[in-house]
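Right, one structure below, let's go through it.
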Amino acid sequence: MATLPPFISWIGHGAASLAQPAVFTGARSFAFGFKTQVAATQQLVDALLNPVGGSRVHYRVLAGLSMISFMTVDRCTSQVDAIGWEPGRECALWVPLLETNHERGTLRIVLWTPYIFINYTIGLLTGRDVWGWPKVWARIAVPADSPHGAGAFTCSTTVFDTLGANTEAQLRPLLTVTSRSALPAAGATVQWTDGHDAARAIAQSLLGGFAGEHLEALIAGPTIPTVQMKQLRDSLDPGLACFQAIVDSPAQLTGFHGGGLLHASDFALEIATCESHQVVRDLLGTAPTPGQTTLPIEFAAWLAFDFTAQPGAVVVSTT
């Protein structure tokens with residue numbers, strides 16, 4: 001491997017992409033599982049991940065269930081670049097995959113996010129630049145924003161109803177989780193006091209009957225494995241990538257402050273219909289309902305924790 005040049009820091013000159021590890025303190029996440037179609041989701045994986053892996057690394061969708069999460073974080077900062085901290089919010093769609101690494105002869109369960117949204121610039125740019133997370137800006141609202149805790153979890157971002165040169169961008173809700181109860185977490189008692197118990201319960205809910213040694217390996221340590229496709233477009237030829245790789249983005253749990261299940265039947269997921277974000281076709285393989293598609297929630301949970309986004313290694317590269 002060629003020796004890499006030193007990174008030229010822009011600290012003090014408006015830097016917004018900071019050095020890893022990234023440190024997140026006071027995170028509170030609500031996770032909602034919903035049914036998907038395995039064949040449709042596999043087509044998405046085959047379009048966005050497996051071309052990079054080629055014959056060396058392959059990803060397979062494990063179950064017909066995915067997850068949407070809404071996370072608020074009190075303090076987000078860099079462990080290396082000591083410039084300060086800021087609060088943040090993120091919304092993501094999670095797909096569990098089985099990674100087969102033919103070069104290493106290994107199998108492991110990983111999580112992948114084909115859609116992820118964030119409301120602060122440093123997290124957006126750092127996530128994209130360092131690990132390749134496909135983060136885009138969004139306005140994210142949670143029930144706690146209301147004085148009485150009522151309301152929905154809402155992710156509003158830039159959407160285009162149709163794809164065309166004359167289509168004007170709109171900022172409107174794309175993903176919404178509604179609740180029939182005024183206080184979504186009001187009845188939530190602390191069922192999990194240990195991060196491993198929480199990870200096991202959520203993984204079993206996502207993976208169904210796929211258990212055994214791979215599931216235990218997923219939750220055995222304090223680190224949750226996720227993978228992203230990191231890609232930079234070539235400056236000269238827009239049809240080429242000057243960098244393209246699948247990158248590990250491990251999240252290490254550093255503190256756990258409680259969690260538990262919510263009543264899944266109290267919630268529903270609404271997905272806005274637009275051509276710029278074809279979530280329903282990507283995950284369900286069906287045409288979306290005009291206006292929005294509403295899906296029932298199969299499981300719901302809340303978690304309170306601290307974590308770090310650790311440096312990630314290249315799993316496989318085409319450049």
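Count residues from 1 along the sequence.
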- Message: With no hydrogens and no angle check, just 3.5 Å: does a side-chain donor-acceptor pair link Thr162 and Thr167?
- Response: yes

- Looking at residues at least two apart in the chain, or sitting in another chain, which of them share a salt bridge (Lys or Arg N to Asp or Glu O under 4.0 Å) with Arg89? Asp145

- Item | salt bridge (charged side-chain N to carboxylate O under 4.0 Å, His left out) pairs, two or more places apart, involving residues 110-123 | none

- CH2 on Trp302 to OG on Ser29, rounded to 0.5 Å: 11.5 Å

- Message: The criterion is ring pair (Phe, Tyr, Trp, His ring centres under 6.0 Å); which residues satisfy it with Phe32, sequence neighbours excluded?
- Response: Phe153, Phe267

- Item | Non-neighbouring partners of Arg75 that pass salt bridge (Lys or Arg N to Asp or Glu O under 4.0 Å), sequence neighbours left out | none

- Classify the side-chain pair Gln228/Thr113 by whether it contains a donor and acceptor separated by less than 3.5 Å. yes

- What about Phe24 and Trp85, same hydrophobic cluster or not, with Ile/Leu/Val/Met/Phe/Trp/Tyr joined at side-chain heavy-atom distances under 4.5 Å? no

- Note on the structure: Residues at least two apart in sequence or cross-chain that pass salt bridge (Lys or Arg N to Asp or Glu O under 4.0 Å) with Asp74, listed by chain then number, are none

- Could you grab the distance from atom CG of Leu62 to atom CG of Leu97, nearest 0.5 Å is fine? 6.5 Å

- Can you list every pair that meets salt bridge (charged side-chain N to carboxylate O under 4.0 Å, His left out) and has a residue in residues 153-172, with sequence neighbours left out? Asp161-Arg172

- Task: Identify whether Trp10 and Leu125 are in the same connected component of the hydrophobic contact network (ILVMFWY, side-chain heavy atoms under 4.5 Å).
- Result: no

Would you give me the side-chain donor-acceptor pairs under 3.5 Å for residues 311-318, sequence neighbours excluded?
residue : atom : partner : partner atom : Å
Ser317  : OG   : Gln244  : O            : 3.3
Ser317  : OG   : Thr319  : N            : 3.1
Ser317  : OG   : Thr319  : O            : 2.9
Thr318  : OG1  : Gln244  : O            : 3.3
Thr318  : OG1  : Gln244  : OE1          : 2.8

- Task: With sequence neighbours left out, write down each residue that passes salt bridge (Lys or Arg N to Asp or Glu O under 4.0 Å) with Asp194, or none if nothing qualifies.
- Result: none

- Whether over 12 other heavy atoms sit under 6.0 Å from Leu236 CG: no

- Task: Working to the nearest 0.5 Å, report the span between SG of Cys91 and CG of Asn119.
- Result: 11.0 Å

- Message: Tell me which pairs pass ring-ring contact (aromatic ring centres under 6.0 Å, His included) where either residue lies in residues 34-68, with sequence neighbours left out.
- Response: none

Atom pairs and distances, donor-acceptor, side-chain atoms in residues 130-141, under 3.5 Å, two or more places apart:
residue : atom : partner : partner atom : Å
Trp131  : NE1  : Gln310  : O            : 2.9
Trp133  : NE1  : Ser249  : OG           : 2.8
Lys135  : NZ   : Glu90   : OE2          : 3.4

- Begin with the C-alpha distance, continue with both residues' side-chain angles, and end with the deciding distance and a verdict on side chain to side chain contact (heavy atoms under 4.5 Å, CB included) for Thr286 and Thr293. CA-CA 10 Å; Thr286 59; Thr293 300; over 6 Å; no

- Task: Supply the members, apart from Val23, of the Ile/Leu/Val/Met/Phe/Trp/Tyr cluster built from side-chain contacts under 4.5 Å; use none for a lone residue.
- Result: none

- Query: Which ILVMFWY residues can you reach from Leu232 by hopping between side chains whose heavy atoms are under 4.5 Å apart?
  - Reply: Phe243

- Query: Donor-acceptor pair, Gln278 side chain versus Arg281 backbone, under 3.5 Å?
  - Reply: no

- Message: With a 4.0 Å cut-off on N to O distance, would you call Asp46 and Arg60 a salt bridge?
- Response: no

